[in-house]
Amino acid sequence: MIYFISDTHFCHSNIINLCDRPFRSTNHMNDTLIHNWNAYVTDYDEIYILGDFLYKGNGSDANKILRRLAGKKYLIRGNHDKFLDDPEFDTTLFEWVRSYYELEYQKKKFVLFHYPILEWQGFFRDAIHLYGHVHNSGKDPEQRKRLEILGSRAINVGVDVNDFYPISIKSILKKVNG
């Protein structure tokens, strides 16, 4: 199975308040996110992380967390993934790290990018855009208006709008196909 996730913000204490996350502490958040991830993803699955995996942590912190997470992990770089520049970070924990990726699945194109974009490769051929970055800011009326412009084939895969779980490619196809 293929899964997607974004904006976990491991090790980021202030994200609990900023996004109104239901966690008592950073450790509680980290452990819950790891548990939820591993409840869905097996070592035989692929999981694409659409940025902001870890915040306020270093390469060593990223290594410890990634070693606890199941699956073949691919990272689309987000604006807070500074741990990648730490010499202590073990780059072999990801299959690859990129800024943008186009995935083909069952003759359908998926455009993976950390940020929501207005028009993407294959937009006029029913390609699906997966993004993160905006967390649950769709609660804000102005932000919701901006995101609605993207249409039904743009899906936020961030944890804040997916009950803190990864989302499967099958679930995404169900959302898009109604």
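Sequence positions, counted from 1, serve as the residue numbers for this chain.
Between Ile76 and Ser99, the closest side-chain pair of non-hydrogen atoms is not below 4.5 Å. The shortest side-chain heavy-atom distance between Ile5 and Leu33 does not fall under the 4.5 Å cut-off. With contacts defined as side-chain heavy-atom distances shorter than 4.5 Å, the pair Ile128/Lys109 does not qualify. Counting heavy atoms from C-beta outward, Leu112 and His129 have side chains that stay 4.5 Å or more apart. Annotation: side chain of Met29 is in contact with side chain of Arg21 (closest heavy-atom distance under 4.5 Å). Looking at heavy atoms from C-beta onward, Tyr105 lies in side-chain contact with Leu173 at the 4.5 angstrom threshold.
Put simply, CD1 on Ile47 and CD on Glu95 are 12.5 Å apart, with the number rounded to the nearest 0.5 Å. Distance check, rounded to the nearest 0.5 Å: CG of Asn58 to CG of Leu54 gives 8.0 Å. With rounding to the nearest 0.5 angstrom, the CD1 atom of Ile15 is 4.5 Å from the NE2 atom of His9. If you take CG on Asn136 and CG on Asn156, they are separated by 9.0 Å, rounding to the nearest 0.5 Å. In this structure, the separation between CE on Met1 and OG on Ser171 is 7.5 Å, given to the nearest 0.5 Å. The CG atom of Leu50 sits 8.5 Å away from the CG atom of Asp7 when rounded to the nearest 0.5 Å.
Taking all atoms of both residues into account, the shortest heavy-atom contact from Phe89 to Phe83 is CB-O, 3.5 Å. A pairwise comparison of heavy atoms in Leu150 and Trp120 identifies O-CH2, 3.6 Å as the closest pair. Closest approach of Trp37 to Ala70, counting heavy atoms only: NE1-O, 2.8 Å. Taking each heavy atom of His133 and Ser6 in turn, the nearest pair found is N-OG, 4.1 Å. Nearest heavy atom pair, residue Asn36 against residue Phe164, reads ND2-O, 3.0 Å. Scanning all heavy atoms of the two residues, the minimum distance from Tyr44 to Lys72 falls at O-NZ, 4.0 Å.
Side-chain heavy atoms closer than 4.5 Å link hydrophobic residues (I, L, V, M, F, W, Y) into clusters, and following such links, possibly through other members, connects Ile49 to Phe110. Cluster annotation: Phe10 and Val161 are assigned to distinct hydrophobic clusters (Ile/Leu/Val/Met/Phe/Trp/Tyr, side-chain heavy-atom contacts under 4.5 Å, transitive). No continuous path of hydrophobic side-chain contacts links Phe124 to Leu130 [ILVMFWY only; heavy atoms under 4.5 Å].
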What's the verdict on salt bridge (Lys or Arg N to Asp or Glu O under 4.0 Å) for Asp90 and Arg67, showing C-alpha distance, side-chain angles and the deciding distance? CA-CA 10 Å; Asp90 180 359; Arg67 287 185 178 117; 3.2 Å; yes

Let's go through Phe123 and Leu118 carefully: what are the C-alpha distance in whole Å and the side-chain angles of both, what is the deciding distance for side-chain contact (heavy atoms from CB on, under 4.5 Å) to 0.1 Å, and is it a yes or a no? CA-CA 9 Å; Phe123 178 84; Leu118 184 59; over 6 Å; no

Show, in sequence, the C-alpha distance, side-chain angles and deciding distance for Leu84 and Val97, and conclude whether the side-chain contact (heavy atoms from CB on, under 4.5 Å) test is met. CA-CA 9 Å; Leu84 294 169; Val97 176; 3.9 Å; yes

Apply side-chain contact (heavy atoms from CB on, under 4.5 Å) to the pair Glu104 and Lys108, showing each step before the final yes or no. CA-CA 6 Å; Glu104 296 285 335; Lys108 184 71 97 175; over 6 Å; no

Would you check, one step at a time, whether the test side-chain contact (heavy atoms from CB on, under 4.5 Å) holds for Leu147 with Gln143? CA-CA 6 Å; Leu147 294 173; Gln143 179 74 331; 4.0 Å; yes

Could you walk me through whether Tyr100 and Glu102 satisfy the side chain to side chain donor-acceptor pair (under 3.5 Å) test, starting with their C-alpha distance in whole Å, then the side-chain angles of each, then the deciding distance to 0.1 Å, before giving a yes or no? CA-CA 7 Å; Tyr100 172 95; Glu102 293 177 11; 2.7 Å; yes

Test Thr42 against Asp45 for side chain to side chain donor-acceptor pair (under 3.5 Å), laying out the working first. CA-CA 5 Å; Thr42 73; Asp45 296 323; 3.1 Å; yes

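Side chain of Arg68 to main chain of Ile34: no donor-acceptor pair is present (N/O by atom type, distance under 3.5 Å, no hydrogens or angles). The closest donor-acceptor contact from the side chain of Asn17 to the backbone of Asn14 lies at 3.5 Å or more, if one exists at all.
Of the residues listed (Tyr101, Tyr48, Tyr74, Tyr131), the one engaging Phe4 in a ring-ring contact (aromatic ring centres under 6.0 Å, His included) is Tyr48, and it is the only one. Each of Ile16, Asp31, Asn30 was scored for a side chain to side chain contact (heavy atoms under 4.5 Å, CB included) with Phe23, with one residue passing: Ile16.
Taking a 6.0 Å sphere around CD of Glu88, one finds it holds 12 or fewer heavy atoms contributed by other residues, nucleotides or ligands. The neighbour count for Lys56 NZ, taken as heavy atoms of other residues, nucleotides or ligands under 6.0 Å away, does not exceed 12. Shown here is His28, whose NE2 atom has more than 12 heavy atoms of other residues, nucleotides or ligands within 6.0 Å.
With sequence neighbours excluded, no residue forms a salt bridge (Lys or Arg N to Asp or Glu O under 4.0 Å) with Asp52. By the salt bridge (Lys or Arg N to Asp or Glu O under 4.0 Å) test, Arg77 is found to be paired with no residue, residues two or more places apart in sequence or in another chain being considered.
The pair Lys145-Glu142 meets the salt-bridge criterion, since a charged nitrogen lies less than 4.0 angstrom from a carboxylate oxygen.
Using cut-offs of 30° and 60° on the angle between ring planes, the pair Tyr55 and His12 is tilted.
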